[in-house]
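Report on the following structure.
Atoms considered below: every heavy atom in the structure, side chains included; atoms not considered: hydrogens, waters and symmetry mates.
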Amino acid sequence: MRLVSRMYDWMSTTLKGRFFTGIAFLILFGGLLSILPLLIFVQEQREEDALLNLNGVLHMQSELLSEWQDELIRDINYLSELPEASSDDKKSFYEKLELLGSNRILFYDLFYADEDGDLLYNTNNQSETRKINIYDTPYFQQGMEWHTFTTGVRLIGENDIRSVIFSAPVTNEDGRFGGILAGIVLADDMRHIVSDFAYGETGTVYLVDKKGTVLSASSNTFPASMKNTGLFQDALQHKKRTEPYVNANGVESLGQYTWINQEEWVLISEVSTAEIEQPFHDTLFFMAIILLFVFFISYFFTRHLIQQITGPIQALLEGTSILRKGHYDHRIDENAMAHSAKEFSELGRAYNDMASDLQKEQDLRLHAEEDMRRTNEQLRRLSLSDGLTGIGNRRYFDEKLASLFHTASKSGQPLSLFLLDIDFFKMYNDHYGHDAGDRALQLVAAALDETAQKYGLFTARYGGEELAMILPPGSQKDVHTIGVDLLAAIQQLNIPHISSPTGVLSVSVGIATMTPSPILSPRLLIQYADKALYKSKQLGRGKITINSLEP
């Protein structure tokens with residue numbers, strides 16, 4: 001009792017005792033106040049990490065499934081594009097179907113249906129798909145639109161066999177739609193196409209169709225359906241899921257999903273919440289032990305170091321944070337380090353020297369990047385510009401047409417191409433000389449480019465005296481009106497041409513309009529525009545001909 005009394009007197013009456021008692025109380029109290037939010041943060045971070053890892057697993061599994069699907073689609077596409085597929089005599093084509101069917105044992109059946117949807121040939125004589133018409137099926141309708149297609153799980157035949165169908169269109173000898181080639185994979189044969197890797201020891205990845213039926217999983221055993229789970233219901237509504245749910249096995253889990261195969265299938269990756277929370281409980285225990293240890297150590301060192309360390313470190317931390325944001329002109333005030341230890345003063349000077357060097361390097365780098373950017377821009381403009389007329393050259397035209405053709409193909413909007421040719425230009429050169437011809441070509445190009453800019457067209461020199469203009473997809477401009485304005489722009493130049501029936505220089509215009517698709521080439525649009533230009537010349541030149549492929 002006497003020892004306790006003496007300790008109490010020392011802590012309550014002496015300055016040193018009060019100081020030690022106050023420091024100990026502050027450290028313990030502060031530690032207890034900080035441990036709770038820290039642990040909450042650890043738990044939340046653990047869940048965020050789990051969601052990220054689940055999404056990472058989904059991404060890898062999606063890529064593997066895409067490769068598997070692409071491999072089967074490539075086989076179907078390869079056969080559908082063979083010359084034998086377009087021939088009226090399909091004996092050789094059927095032989096190749098049999099060959100693929102024997103090599104690709106995953107295909108339960110390969111069949112060919114004509115343009116009316118009637119099945120003409122099956123590789124599997126016992127197939128449930130024989131003697132039926134598939135005209136109204138989604139995959140046949142997609143084939144009529146010249147698209148390959150992979151279905152979800154379908155029930156085929158009288159026995160309702162669960163299957164997935166891969167299909168591709170076939171052309172006839174006239175280049176028209178001649179039917180489809182399709183391969184059937186039984187759903188039961190897809191049980192092991194999902195790779196066996198997942199997140200965590202309790203993690204599983206499921207491949208599920210949009211009815212909730214489980215097609216495959218990363219584990220050997222899996223439930224037949226995910227229909228009634230909260231995550232699958234969220235997937236149907238495309239809702240993001242971050243909260244735990246009860247999975248098909250009755251276990252509280254955390255999961256993520258992603259739709260694949262044109263939203264016919266959904267990949268689900270999940271892990272039990274117990275596995276996620278276990279590190280949290282372990283962390284709680286070890287943090288309590290570490291905190292007690294740190295409290296005792298901190299007690300002996302805090303009173304000697306707090307004043308001399310906090311100020312310099314804070315200045316360095318703030319300076320580092322500012323420097324990290326790119327403000328290299330920041331410097332630490334030397335007065336802040338004047339009363340600190342020698343090491344901190346030297347560290348402050350080293351920081352300022354480093355900031356100065358970084359600022360110099362940043363300035364040099366910015367100047368170099370700006371010079372490089374200007375040089376690259378100049379080189380690109382030169383590489384895409386015609387040296388004589390100043391408008392785009394053939395390379396510019398090819399790149400722009402390919403880019404806009406791809407954009408129009410994705411959006412399903414029409415794309416228009418104008419081809420213009422200067423009438424009797426060879427006679428003009430022969431009579432007035434090539435210098436005059438170059439000057440005339442420059443004037444024509446400038447006038448056409450000015451008109452084209454008014455309508456948002458891209459202009460280029462296609463070759464010689466031939467110019468090209470592209471009307472981008474989505475434009476509401478009337479191509480005939482644009483063509484009339486182009487002819488008027490050349491007419492207003494009033495360039496004398498003694499060899500022309502009109503006495504002045506004129507141009508002929510050919511216009512082609514079509515809606516691109518992935519199976520078509522920009523070359524087709526050029527061919528139709530060229531035909532229209534040829535027709536304008538046949539009609540007497542100085543004319544407009546429109547060749548529209550739109551329905």
Side-chain angles (χ1 to χ4, degrees), residues 58-82 84-86 90 93-113 119-130 132 134 137-157 161-171 178-196 205-211 213-218 258-267 518-519:
L58 288 177
H59 177 71
M60 289 186 288
Q61 292 280 17
S62 177
E63 290 184 345
L64 292 175
L65 285 172
S66 294
E67 291 176 2
W68 173 81
Q69 181 182 353
D70 290 346
E71 186 176 2
L72 296 182
I73 284 292
R74 279 197 299 269
D75 289 340
I76 297 295
N77 270 333
Y78 171 76
L79 289 178
S80 69
E81 294 173 358
L82 288 175
E84 293 90 333
S86 302
K90 288 187 166 49
F93 176 54
Y94 294 155
E95 292 175 352
K96 288 183 170 59
L97 283 185
E98 293 288 346
L99 180 61
L100 177 60
S102 62
N103 290 334
R104 281 287 188 188
I105 59 175
L106 189 60
F107 281 126
Y108 165 71
D109 185 25
L110 289 166
F111 64 86
Y112 165 70
L119 267 67
L120 302 185
Y121 190 81
N122 289 71
T123 60
N124 185 352
N125 293 329
Q126 305 301 320
S127 172
E128 295 285 334
T129 59
R130 296 184 62 82
I132 63 174
I134 61 170
T137 61
Y139 56 91
F140 188 87
Q141 296 297 316
Q142 288 290 323
M144 294 178 66
E145 297 293 331
W146 299 102
H147 298 314
T148 59
F149 190 72
T150 303
T151 69
V153 174
R154 296 177 55 84
L155 301 178
I156 63 172
I161 298 179
R162 297 166 60 250
S163 308
V164 175
I165 300 176
F166 301 80
S167 64
V170 177
T171 60
I180 69 164
L181 173 64
I184 298 177
V185 176
L186 299 184
D188 289 342
D189 292 338
M190 298 171 59
R191 292 174 62 87
H192 303 294
I193 65 171
V194 172
S195 175
D196 59 358
V205 180
Y206 303 95
L207 178 62
V208 185
D209 70 6
K210 58 186 178 183
K211 295 181 180 179
T213 304
V214 179
L215 306 179
S216 181
S218 60
T258 182
W259 285 99
I260 60 174
N261 187 27
Q262 300 175 341
E263 297 201 356
E264 290 289 336
W265 300 339
V266 60
L267 270 174
I519 64 173

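Checking side-chain atoms of Lys90 against main-chain N and O of Glu84 turns up no donor-acceptor pair under 3.5 Å. One N or O on the side chain of Asp109 and one on the backbone of Asn124 form a donor-acceptor pair closer than 3.5 Å.
In this structure, CZ in Phe140 is found 13.0 Å from CD1 in Ile165, a value given to the nearest 0.5 Å. The CD atom of Glu264 lies 10.0 Å from the NZ atom of Lys211; values are rounded to the nearest 0.5 Å. To the nearest 0.5 Å, the span separating CD on Gln61 from CG on Leu207 amounts to 9.0 Å. Distance check: Gln142 CD to Glu145 CD gives 7.0 Å after rounding to the nearest 0.5 Å. Separating the CG atom in Leu82 from the CG atom in Leu97 is a distance of 9.0 Å, to the nearest 0.5 Å.
Remark: Phe149 pairs with no residue by the ring-ring contact (aromatic ring centres under 6.0 Å, His included) rule, at least two apart or across chains. Qualifying side chain to side chain contact (heavy atoms under 4.5 Å, CB included) partners for Thr150, counting only residues two or more places apart in sequence or in other chains: Gln69, Ile73, Val164, Phe166, Asn261, Trp265. Residues meeting the side chain to side chain contact (heavy atoms under 4.5 Å, CB included) test with Thr171, sequence neighbours left out: Ser86, Trp146.
The two residues Lys210 and Glu263 come nearest to each other via the heavy atoms CD-O, 3.9 Å. Listed here is the closest heavy atom pair of Ile180 and Gly143: CG2-CA, 4.0 Å. For the pair Ser167 and Ile76, the tightest heavy-atom approach, listed with the atom from each and the gap, is C-CG2, 4.1 Å. Closest approach of Leu181 and Ser80 over heavy atoms only: CD2-N, 3.8 Å. The shortest heavy-atom contact between Leu65 and Ile260 is CD1-CD1, 3.6 Å. The shortest heavy-atom contact between Val266 and Asp209 is CG1-O, 4.4 Å.
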Go through the steps to decide whether Arg74 and Glu71 satisfy the test side-chain contact (heavy atoms from CB on, under 4.5 Å), and finish with yes or no. CA-CA 5 Å; Arg74 279 197 299 269; Glu71 186 176 2; 3.8 Å; yes
Test log, rule side-chain contact (heavy atoms from CB on, under 4.5 Å), inputs Leu267 and Tyr206: CA-CA 6 Å; Leu267 270 174; Tyr206 303 95; over 6 Å; no
Can you list the steps and then say if Leu64 with Glu67 is a side-chain contact (heavy atoms from CB on, under 4.5 Å)? CA-CA 5 Å; Leu64 292 175; Glu67 291 176 2; 4.2 Å; yes
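Only one option out of Ile184, Leu99, Asp75, Leu100 pairs with Leu110 in a side chain to side chain contact (heavy atoms under 4.5 Å, CB included); it is Leu100. Exactly one residue among Tyr112, Phe93, Tyr94 makes a ring-ring contact (aromatic ring centres under 6.0 Å, His included) with Tyr121. That residue is Tyr94.
In this structure, the side chains of Phe107 and Val185 come closer than 4.5 Å at one or more pairs of heavy atoms.
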